[in-house]
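One structure is given below, encoded as structure tokens.
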Amino acid sequence: MMAEVLVCGIDPGSRGAIAIMRADGSLVTVADMPAIEQLVGKTKRTRISPAGVATLLEGCGVTHVFMEHVQAVPGNGSLGSFVLGNASGVVEGIVAALKIPMTLVRPTKWKKAMCLTADKGTSRARAMMLWPSEACRFARVKDDGRAEACLIAQYGLNSMRAQVAA
């Protein structure tokens with residue numbers, strides 16, 4: 001008997017999310033990025049929790065991870081870019097340690113394929129349209145990370161289907 005295909009979509013960063021989807025497009029898990037508070041100098045900062053990410057992915061049967069490829073964005077500042085790059089690297093390391101195949105995908109590529117704009121509100125609206133029974137997960141403005149993780153997973157699933165068909 002063949003193992004169930006589970007695709008994971010990840011919107012990296014401390015306000016991102018992780019979504020796990022079956023081959024039929026149904027959602028198994030949608031979770032905000034596990035985060036912890038760390039003291040940086042005299043300020044508390046939110047950072048991703050490596051142990052939390054590993055717990056979500058370990059042993060759940062994910063067959064492939066698709067994660068948004070992050071890069072520095074003019075105007076975001078060097079600290080913000082460093083923190084996002086660090087979070088992305090932590091997730092990449094965890095996925096590699098768990099021996100799960102991974103594909104990094106640029107936001108312009110997956111958003112174009114999913115008929116989206118750069119506006120995160122369109123991502124939430126599209127997620128509500130694709131998964132109406134899960135619409136409450138994407139209702140708040142701050143749920144854009146959840147929506148984008150699901151849409152990245154759907155993009156990954158569509159890409160895998162296209163490769164098989166070719």
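Here the structure is a predicted model, which means the values were calculated and not measured.
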Verdict with reasoning, V53 to M33, per side-chain contact (heavy atoms from CB on, under 4.5 Å): CA-CA 7 Å; V53 173; M33 184 64 70; 3.7 Å; yes
Which atoms form the tightest heavy-atom contact between [X] and [Y], and what is the distance?
X: A17; Y: A149; answer: O-CB, 3.5 Å
X: A127; Y: A147; answer: CB-CB, 3.7 Å
X: H69; Y: P107; answer: O-CD, 3.5 Å
X: V70; Y: P12; answer: CG1-CG, 3.5 Å
X: P34; Y: L56; answer: CG-CD1, 3.7 Å
X: A87; Y: I48; answer: O-CD1, 3.5 Å

Salt-bridge present (E4, R22; N to O < 4.0 Å): yes
N-O pairing of R137 and D143 below 4.0 Å: no
Would you check if [X] and [Y] make a side-chain contact, meaning some heavy-atom pair closer than 4.5 Å?
X: K120; Y: T122; value: no
X: K142; Y: R15; value: no
X: W110; Y: K112; value: no
X: Q154; Y: F66; value: no

To the nearest 0.5 Å, what is the distance between [atom1] on [X] and [atom2] on [Y]?
X: C8; Y: I100; atom1: SG; atom2: CD1; result: 7.5 Å
X: K111; Y: Y155; atom1: NZ; atom2: OH; result: 13.5 Å
X: M67; Y: I18; atom1: CE; atom2: CD1; result: 10.0 Å
X: D11; Y: D32; atom1: CG; atom2: CG; result: 10.5 Å
X: Q38; Y: R47; atom1: CD; atom2: CZ; result: 6.5 Å
X: L57; Y: L6; atom1: CG; atom2: CG; result: 11.0 Å

Group every Ile, Leu, Val, Met, Phe, Trp and Tyr by side-chain heavy-atom contacts under 4.5 Å, then state whether [X] and [Y] land in the same group.
X: L27; Y: L116; result: yes
X: V62; Y: I94; result: yes
X: I10; Y: V90; result: yes
X: V30; Y: M114; result: yes
X: V65; Y: V91; result: yes

Of all pairs that satisfy ring pair (Phe, Tyr, Trp, His ring centres under 6.0 Å), the ones with a partner from residues 125-150, not counting sequence neighbours: none
side-chain contact (heavy atoms from CB on, under 4.5 Å) between S26 and M21, worked out: CA-CA 6 Å; S26 62; M21 176 181 294; over 6 Å; no
L151/R126 under side-chain contact (heavy atoms from CB on, under 4.5 Å): CA gap, chis, key distance, verdict: CA-CA 8 Å; L151 292 163; R126 179 83 166 145; 3.8 Å; yes
Criterion side-chain contact (heavy atoms from CB on, under 4.5 Å) on L104 and E92, from CA distance to verdict: CA-CA 9 Å; L104 297 176; E92 282 186 60; 3.9 Å; yes
T46 (side chain) donor-acceptor with E37 (main chain) under 3.5 angstrom: no
For R124, all residues meeting side-chain hydrogen bond (donor to acceptor under 3.5 Å, both in side chains), sequence neighbours excluded: none
